[in-house]
Amino acid sequence: MAAIRLGLVKEVVAMAFETVRTNKMRSGLTVLGIVIGITAIVGMTALIRGFDQSIRDLFATIGPNTIFVQRFGITDFANGGEIRDLLKRPNLTVSDARALETQATTLQYVDLELGGSVGPAVQQRVFYRTLKTRPVLVLGTSEFFAEGTRIPFREGRFFNGTELQYRKNVVVLAYGPYERLFGDSGTDPIGKTVRVGSQRFEVVGAFNKRPTPGGFNLNADDFVVIPNTTYQRIYGLRVARIGNLGTISNIQISAVAREGISPQTAMNEIERIMRSRHGLKLDQPDDFDMFTQDSILKLYERVSQAVLFALVVISSIALMVGGIGVMAIMSISVTERTREIGVRKALGARRAEILFQFLMEAAFLTSLGGILGIGLGSGIGLLVHLISGFPVSLPWWSFAIGLGFSSSVGLFFGLYPAFKASRLDPIEALRYE
């Protein structure tokens with residue numbers, strides 16, 4: 001009995017393949033919508049997953065325990081904050097950073113960063129002999145900047161606490177300035193004197209390249225770092241006025257919790273100290289923003305999931321159109337093969353066998369479209385990667401989803417024509433001309 005069933009399955013599959021082979025044009029047009037939908041799902045999944053991984057690699061360099069304190073940030077806007085209200089907040093000050101440094105017991109260190117936050121930035125060209133860079137961002141930080149950002153070093157070291165205390169003219173070059181001034185010629189930059197704008201600095205270190213979202217060149221490596229004390233001496237604390245809305249400074253504070261202290265515990269202490277300094281009452285909200293790597297990553301994941309959901313919805317429309325096409329073509333096929341169905345029934349074929357035959361034909365058609373869509377989607381993702389370097393990821397489950405979607409569409413939309421074929425009266429079917 002099992003052998004008979006297996007033989008029936010092989011025969012039905014062979015008949016389905018023969019039907020597709022003898023009607024190539026019609027079959028191709030039938031599955032076109034399926035191919036487009038699956039191509040979109042697989043191709044966009046490959047690109048989105050690749051971009052996701054590059055974002056995670058970027059955040060991994062920051063470290064999960066780093067806490068950022070700003071006047072306002074991306075989480076404020078994500079929570080519906082209005083720019084007019086956010087600009088009413090007081091600017092962060094150097095004294096805020098000093099207070100956290102001296103009063104907090106849960107923090108390993110506090111880094112005061114000037115020039116890297118929302119606000120007026122300093123951009124200068126860097127000169128070495130006859131070479132010069134494009135205008136790059138000048139950051140003033142404490143000696144803990146490299147430890148907090150985890151940017152790998154290519155040459156040398158970061159400046160130390162003594163150089164920070166005595167406002168030394170020392171500089172650490174990011175990969176962009178390093179490559180332009182020293183990398184192309186293979187010159188060792190350590191100990192060399194460069195000019196940042198009109199000021200002379202001794203190079204003590206150079207960073208390596210750091211990851212960027214999607215591998216794009218976002219000028220992420222176009223900056224130099226000097227001690228924040230030197231920054232204040234040369235450039236001062238820059239404040240810009242925004243119309244009648246108020247002023248904005250370029251101060252950002254970052255901190256890392258001590259070993260064994262959770263980031264949330266450290267954030268609670270930072271919040272207590274900052275609220276006390278800003279004179280906030282118990283019922284008043286914070287007038288500053290705090291976030292960690294995890295909070296930004298969770299925010300990004302919400303956006304990413306929304307984009308992926310929108311992609312699935314749009315692709316489902318194409319699959320639905322393709323499914324309607326399958327139903328229409330299979331209905332025509334039932335009408336054209338009425339006499340064949342009558343002969344099969346007269347020879348003893350049961351309803352279930354006729355139903356199974358037409359369902360298999362529909363599933364075979366759409367599965368073929370799914371395979372073509374998987375191939376095209378993967379090819380598009382790899383082609384984009386080869387041309388632009390954009391990272392792609394082709395997880396096995398995206399192929400399984402694509403094939404599962406396509407075969408499910410065939411089974412669902414092929415059910416009505418198959419049911420119609422199985423209920424044909426054999427005598428009427430044999431009389432059909």
Side-chain angles (χ1 to χ4, degrees), residues 55-79 81 86 89-119 137 139-152 158 161 164 207 210-211 213 220 223 225 227-228 231 237 248-280 284-303:
I55 288 286
R56 293 176 189 280
D57 292 342
L58 174 63
F59 281 119
T61 64
I62 298 173
N65 295 326
T66 304
I67 303 163
F68 296 94
V69 184
Q70 293 181 334
R71 183 187 183 186
F72 54 81
I74 189 170
T75 52
D76 285 315
F77 293 110
N79 293 328
L86 296 177
R89 294 179 173 181
N91 286 311
L92 296 183
T93 65
V94 175
S95 299
D96 288 330
R98 296 288 177 263
L100 292 176
E101 204 169 26
T102 56
Q103 297 177 31
T105 59
T106 59
L107 301 180
Q108 180 179 339
Y109 63 78
V110 176
D111 178 31
L112 172 65
E113 184 178 315
L114 307 177
S117 181
V118 178
L137 186 66
L139 299 178
T141 74
S142 76
E143 70 271 32
F144 301 114
F145 175 82
E147 188 176 344
T149 57
R150 299 186 181 182
I151 305 174
F158 204 71
L164 177 76
F207 288 128
R210 60 177 177 177
F223 65 94
V225 188
N228 56 40
Y231 185 101
L237 294 175
I248 186 168
S249 69
N250 59 359
I251 295 177
Q252 175 178 279
I253 301 170
S254 63
V256 171
R258 291 185 183 277
E259 189 77 27
I261 303 293
S262 69
Q264 188 57 53
T265 301
M267 288 175 74
N268 291 339
E269 186 176 35
I270 292 172
E271 183 180 23
R272 179 182 58 78
I273 294 171
M274 292 293 291
R275 287 181 65 87
S276 175
R277 283 190 53 78
H278 291 191
L280 297 176
Q284 289 180 301
D286 292 343
D287 57 1
F288 54 90
D289 182 39
M290 284 191 300
F291 61 90
T292 62
Q293 171 217 72
D294 288 341
S295 62
I296 296 295
L297 198 55
K298 286 175 183 175
L299 178 62
Y300 168 75
E301 284 175 350
R302 281 164 50 191
V303 175

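- Counting heavy atoms from C-beta on, the side chains of Tyr231 and Leu112 never come closer than 4.5 Å.
- In this structure the side chain of Phe288 never reaches within 4.5 angstrom of the side chain of Gln70, judged on heavy atoms.
- Salt bridge annotation for Asp289-Arg71: absent, with no cationic side-chain nitrogen under 4.0 angstrom from a carboxylate oxygen.
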- [ ] Go through the steps for Thr149 and Phe144 under the test side-chain contact (heavy atoms from CB on, under 4.5 Å), then give the verdict.
- [x] CA-CA 9 Å; Thr149 57; Phe144 301 114; over 6 Å; no
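- Here Glu143 pairs with nothing under the salt bridge (charged side-chain N to carboxylate O under 4.0 Å, His left out) rule; sequence neighbours left out.
- Residue Glu259 holds its CD atom at 7.5 Å from CD of Gln108, rounded to the nearest 0.5 Å.
- Residue Ser142 holds its OG atom at 11.0 Å from CD1 of Ile253, rounded to the nearest 0.5 Å.
- Atom CZ of residue Arg275 and atom CG of residue Leu280 lie 5.0 Å apart, to the nearest 0.5 angstrom.
- Scored by the ring-ring contact (aromatic ring centres under 6.0 Å, His included) test, Phe223 finds no partners at all (sequence neighbours excluded).
- A donor-acceptor contact shorter than 3.5 Å is absent between the side chain of Tyr109 and the backbone of Ser254.
- Contact of the Ile270 side chain with the Leu107 side chain is registered, since non-hydrogen atoms from C-beta on lie closer than 4.5 Å.
- Remark: Gln103 engages Ala99, Ile273 in a side chain to side chain contact (heavy atoms under 4.5 Å, CB included) (not counting sequence neighbours).
- Scanning for side-chain hydrogen bond (donor to acceptor under 3.5 Å, both in side chains) contacts around Thr105 gives Glu269, with sequence neighbours left out.
- With sequence neighbours excluded, no residue satisfies side chain to side chain contact (heavy atoms under 4.5 Å, CB included) with Ser276.
- Rounded to the nearest 0.5 angstrom, Leu164 CG and Phe145 CZ are separated by 13.5 Å.
- Within the structure, salt bridge (Lys or Arg N to Asp or Glu O under 4.0 Å) pairs that include any residue of residues 91-112 comprise Asp96-Arg277, Arg98-Glu101 (at least two apart or interchain).
- A donor-acceptor contact shorter than 3.5 Å is absent between the side chain of Thr265 and the backbone of Ile261.
- Contact annotation: the side chain of Met274 never approaches that of Asp286 to less than 4.5 Å [non-hydrogen atoms, C-beta and beyond].
- In Gln284, the CD atom is crowded: over 12 heavy atoms of neighbouring residues, nucleotides or ligands sit closer than 6.0 Å.
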